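Just so we're on the same page: letters track the sequence lines, and every chain starts at 1. These numbers were taken from a predicted model, which means no experiment stands behind them.
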2 protein chains.
Amino acid sequence: MIDRYSPEKIYMQIAKAIESDLQEGFEAGDLYLSEKTLTEKFGVNRHTVRRSIEELVKQGVLEKRHGFGTFVAEKRLAYRIKGHQRLTEAVEANGLSVETTVLSKSTILARGSIAENLQLKNGEEVIQVNTLRKIDNKELALISHFLPKAFCPEVLESYESGSLGSFLINVYGIKAKRISSLVSSAMPNASDNFQLGMMGSQPILKVKTLNKDDVSGKIIEYSVSRFRSDMIQLEILINPEQP
Amino acid sequence: MIDRYSPEKIYMQIAKAIESDLQEGFEAGDLYLSEKTLTEKFGVNRHTVRRSIEELVKQGVLEKRHGFGTFVAEKRLAYRIKGHQRLTEAVEANGLSVETTVLSKSTILARGSIAENLQLKNGEEVIQVNTLRKIDNKELALISHFLPKAFCPEVLESYESGSLGSFLINVYGIKAKRISSLVSSAMPNASDNFQLGMMGSQPILKVKTLNKDDVSGKIIEYSVSRFRSDMIQLEILINPEQP
DNA sequence: TGCCATTTGTTCGTATGTATC
DNA sequence: TGATACATACGAACAAATGGC
């Protein structure tokens, strides 16, 4: 099963063997074989097996839980978010509902990129709201919203759940419209990993969004969203109605 | 220096120690201490040092080269690509030039997502061109272009370098216009890593783009770009000229 | 060219810690 | 509490890549 004289590293040979093994007798969510079992099956050291599993975890094929075992990773659908839609609208267009949890609310002082994006002076008060979005009971995104406090102080007191976009419409009659997004990709930090239920081996898609009041044109929200990359694709349509 | 009775793992203590060490006496690009030196400095096993370095590589703080050593990672600028621009235009707008290398050209038969996106039947001939884009002599992106062979067979024979967009203008008088992009994030495979000069610990930003002929409206190119996430941010402006 | 020292990469062995059920 | 499984750490040896001589 293992060719010790091959130029291909043993841990890579095992990783490939496990991958084809998975396609034959395992389904997503199944508990996979223990390190000990694999060690005996392939006749190698436990560290070598661990190295193989590490590769597959990095590829998103397997997931591990300390003290319990190794699983076959769930294959997740990718949701398409159209450029001009807000997250909630886009997902609901797919017939799914988004569950929003407010993780924290606080007042901070504007500085750096937040001040710059909201067009505020350093030191002006900003409301920060952190929310977790779930679809189908699976963590999808962590969003940090930043709003000028002078503009919508009620958010700090009254916003508890649901779409922040809807809240702004209901309370202020303001329809936030996205004017630009900055998309990048990065590895999640420990806190992101924890809150998104990730294993640390998959990247996140980071989207910084600027929303303005559709009527006055004033910037009312800057947000930083961190999406699980295994659950989302952003679809960007370039000026679809223009000649 | 190391507290063996702390609940914090030794490799994490060392990772933090190295990180502050870097801020004091090292600059980006510097060769860092060898594993052997660190082993002696911290009085731990080499595996433990390697585990610490692994963390920092994952964070993008350090980079390694087999047989040579460990480096302090370069801090790279993020280039902003506006939604409606082609890559070459956008980067040149920043006063930089893009170097294009054609890695391979071949004819393949349309199937799956390629057939679907180019609106071709399964089995129709498609030209695939793989290119590497560099800025400032640094690898930025790998792009796989797919074009219907019936439409532009000359690409296979004559396209050797430079922007593919310019080639299409020069030879056919056709201005390709991007109509949609699908953005996602993933870990690179071994080949991507190699060609982009990456170390395997950083994600890539994947952009699937559909381009049509501005005049006839016919779809003429489908491309899949893999950007180094440490060098690029995509800037998306949503219908900027509309009310 | 080839050899050598250095450095990172892989593999084995062993022991102990920690989480889960 | 005990059994099982993954996590951390130490020690040793050899492989593979690099750069200099």
Practice problem: Mind listing the closest non-hydrogen atom pair of A:Gly25 and A:Asp30 along with its distance? | Solution: O-OD2, 4.5 Å

Self-check item: Protein-nucleotide distance (B:Asp3, atom CG; D:dA9, atom P), rounded to Å
Solution: 12 Å

Self-check item: pair B:Ile108-B:Ser106: side-chain heavy atoms closer than 4.5 Å
Solution: yes

Exercise. Report which part of the nucleic acid B:Arg51 touches: base, sugar-phosphate, or nothing (heavy-atom distance under 4.0 Å, all strands).
Key: sugar-phosphate

Quiz item: Within this structure, what is the OH-to-P distance between B:Tyr5 and C:dG17, rounded to whole angstrom?
Solution: 11 Å

Quiz prompt | Proximal nucleotide (of D:dA7, D:dA9, C:dG9) relative to the B:Lys9 side chain | solution = D:dA9

Self-check item: Straight-line distance of B:Leu196 CG to B:Arg133 CZ, nearest 0.5 Å
Solution: 12.5 Å

Quiz prompt | Contacting residues from residues 10-21 of chain B, given that a heavy atom lies under 4.0 angstrom of DNA chain D | solution = B:Ile10, B:Tyr11

Quiz item: Could you give the CD-to-P distance, from B:Glu35 to D:dA17, as a whole number of Å?
Solution: 16 Å

Quiz item: Rounding to a whole Å, what distance do you find between A:Lys36:NZ and D:dA7:C1'?
Solution: 17 Å

Exercise. With side chain to side chain contact (heavy atoms under 4.5 Å, CB included) as the test, would you mind laying out the steps for B:Lys9 and B:Arg51 before giving the verdict?
Key: CA-CA 11 Å; B:Lys9 303 300 171 193; B:Arg51 184 76 173 79; over 6 Å; no

Self-check item: salt bridge (Lys or Arg N to Asp or Glu O under 4.0 Å) assessment of B:Glu40 paired with B:Lys36
Solution: CA-CA 6 Å; B:Glu40 289 157 2; B:Lys36 185 164 175 290; 3.4 Å; yes

Practice problem: Identify which nucleotide among D:dA7, C:dG9, C:dT11 has an atom closest to any side-chain atom of A:Arg4, counting heavy atoms from C-beta outward. | Solution: C:dT11

Please tabulate the protein-to-nucleotide N/O contacts below 3.5 Å involving nucleotides 11-13 of chain D, giving atom names and distances.
{"residue": "D:dG11", "atom": "N7", "partner": "B:Asn45", "partner atom": "ND2", "Å": "3.3"}
{"residue": "D:dG11", "atom": "O6", "partner": "B:His47", "partner atom": "NE2", "Å": "2.8"}
{"residue": "D:dA12", "atom": "N6", "partner": "B:His47", "partner atom": "NE2", "Å": "3.0"}

Quiz item: If you find the nucleotide of DNA chain D closest to B:Val49 and the one closest to A:Pro7, which residue's nucleotide is nearer the 5' end?
Solution: B:Val49

Quiz item: Closest to the B:Thr48 side chain: C:dT8, D:dC10, D:dA5?
Solution: D:dC10

Nucleotide N/O to protein N/O under 3.5 Å, stretch nucleotides 19-21 of chain D:
{"residue": "D:dG19", "atom": "OP1", "partner": "B:Arg65", "partner atom": "NH2", "Å": "2.9"}

Quiz item: Just how far, in rounded Å, is P of C:dC12 from CD of A:Glu40?
Solution: 14 Å

Self-check item: Atom pair distance, as rounded to whole Å: CD1 in B:Ile53 and P in C:dT10
Solution: 14 Å

Self-check item: Along DNA chain C (nearest heavy atom to each residue), the more 5'-positioned of A:Gly43 and B:Thr37
Solution: B:Thr37

Quiz item: Thinking salt bridges, do B:Lys16 and B:Glu55 make one under a 4.0 Å N-O criterion?
Solution: no

Quiz item: Are B:Lys41 and B:Asp21 close enough that some pair of their side-chain heavy atoms sits under 4.5 Å apart?
Solution: yes

Quiz item: Can you name the side-chain hydrogen bond (donor to acceptor under 3.5 Å, both in side chains) partners of B:Asn117, sequence neighbours left out?
Solution: none

Practice problem: Starting from P on C:dT11, measure out to CZ on B:Arg50 and report it in whole angstrom. | Solution: 11 Å

Practice problem: Report the C-alpha distance between A:Ile204 and A:Asn193 in whole Å, list the side-chain angles of each, state the deciding distance to 0.1 Å, and finish with yes or no for side chain to side chain contact (heavy atoms under 4.5 Å, CB included). | Solution: CA-CA 9 Å; A:Ile204 50 172; A:Asn193 261 324; over 6 Å; no

Quiz item: Quick one: does B:Leu38's side chain get under 4.5 Å of B:Ile18's, heavy atoms only?
Solution: yes

Exercise. Just jot down the ring pair (Phe, Tyr, Trp, His ring centres under 6.0 Å) partners of A:Tyr32, sequence neighbours excluded, or say none.
Key: A:Phe26

Practice problem: Mind calculating the distance between CG (B:Leu56) and P (C:dT8) to the nearest angstrom? | Solution: 14 Å

Quiz item: Would you say A:Tyr159 and A:Thr100 make side-chain contact, with heavy atoms under 4.5 Å?
Solution: yes

Practice problem: Sort out for me which residue in A:Val57, A:Val44, A:Leu62, A:Ile14 forms a side chain to side chain contact (heavy atoms under 4.5 Å, CB included) with A:Ser52. | Solution: A:Ile14

Quiz item: OP1 or OP2 of D:dC6 less than 4.0 angstrom from a side-chain nitrogen or oxygen of A:Thr70, does that happen here?
Solution: yes

Quiz prompt | Heavy-atom side-chain contact between B:Arg50 and B:Lys64 under 4.5 Å | solution = yes

Extract from the structure each pairing of a protein N or O with an N or O of nucleotides 1-3 of chain C at less than 3.5 Å, listing the distance.
none

Quiz item: Heavy-atom distance under 4.5 Å between the side chains of B:Leu142 and B:Leu103, does that happen here?
Solution: yes

